[in-house]
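Atoms within a ligand are numbered from 1 in the order they appear, just like the ligands themselves.
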Amino acid sequence: MSRRILLINGPNLNLLGKREPHIYGSTTLPDVEEQARAQTRGLGFELETFQSNHEGAIVDRIQEAAGWGPNVASGDSRHGEKVSAIIINAGALTHTSVAVRDALAGVDIPFVEVHVSNVYARESFRAHSYLSDKAVAVICGMGVFGYTAAIEFAARHMKLKE
Ligand SMILES: O=C1C[C@@](O)(C(=O)O)C[C@@H](O)[C@@H]1O
C-alpha cells in the first residue's frame, strides 16, 4: 500500500475563504491544505494536493493517481506515484461531470466526497451528485472540518488497497 492520500479540490475552491464566506467560511484553501498535510503526516500518510478549475485537468490528475499518464494508450504509462485514497471536493463538477465520475470509477481508488456546505439545504440542483453512489463516504455541511473528518476516516477506517 502506498500510504499516500490525494486531496482534490475542483472549480472555485481556490477562492475558499474569500468566496461567499457566509456559505463557505473564512478558511483559505492553503490553510486547509497545510492543516491536512500535518494531520495526514500524524496518521502515517503522505498528502498530495491538487486544485483546478478545469474538468480535464482533474480527470488527468485522477488517472495519474493510479500511476497512469496521459500516454497510457501508447504504452508509456508509468507516471506519478499511486495513491491509496482520494478525498475530493469536485465543486460544481459534482453536479455536472460524468467525466470526473468515470475517472474515479476507472482508477478504482476508494474515495470520499466532501462538500463544505450542506448541498441539500441549497438550490435543488446541488442535491444531485454524479459521484456519491461511487464514493465510500460523503461528507457535507461540516464546513472545512469536513476535510479533517475525511482524512481521519480515510487513514483509519477505510479499506485501502494493498
Ligand atoms: O463549488 C461548490 C462547493 C461545494 O462543493 C461545497 O464544498 O460546498 C458545493 C457545490 O455545490 C458548489 O458548486
> How close do Phe45 and Ser84 get, heavy atom to heavy atom, and via which atoms?
CE2-OG, 4.0 Å
> So how far is it from Ile86 CD1 to Glu113 CD, rounded to the nearest 0.5 Å?
13.0 Å
> Taking only Lys NZ, Arg NE, NH1 and NH2, and the carboxylate oxygens of Asp or Glu, determine whether Arg37 and Glu34 approach each other closer than 4.0 Å.
no
> Which residues pass the ring-ring contact (aromatic ring centres under 6.0 Å, His included) test with His128, not counting sequence neighbours?
Tyr130
> Would you mind writing out a table of all protein N or O atoms found under 3.5 Å from any N or O atom of ligand 1, naming both atoms and giving the distance to 0.1 Å?
| residue | atom | partner | partner atom | Å |
| --- | --- | --- | --- | --- |
| ligand 1 | 1 (O) | Arg19 | NH1 | 3.2 |
| ligand 1 | 1 (O) | Arg19 | NH2 | 3.0 |
| ligand 1 | 5 (O) | Asn89 | OD1 | 2.8 |
| ligand 1 | 5 (O) | His115 | ND1 | 2.8 |
| ligand 1 | 7 (O) | Asn89 | ND2 | 2.8 |
| ligand 1 | 7 (O) | Val116 | N | 2.7 |
| ligand 1 | 8 (O) | Val116 | N | 3.2 |
| ligand 1 | 8 (O) | Ser117 | N | 2.8 |
| ligand 1 | 8 (O) | Ser117 | OG | 2.6 |
| ligand 1 | 11 (O) | His95 | NE2 | 2.7 |
| ligand 1 | 11 (O) | Arg126 | NH1 | 2.9 |
| ligand 1 | 13 (O) | Ala92 | N | 3.2 |
| ligand 1 | 13 (O) | Arg126 | NH1 | 3.1 |

> Please report the shortest heavy-atom distance between Leu93 and Glu55, naming the atom on each side.
CD1-CA, 3.9 Å
> Decide if atom CD of Glu20 counts as having more than 12 heavy atoms of other residues, nucleotides or ligands within a radius under 6.0 Å.
yes
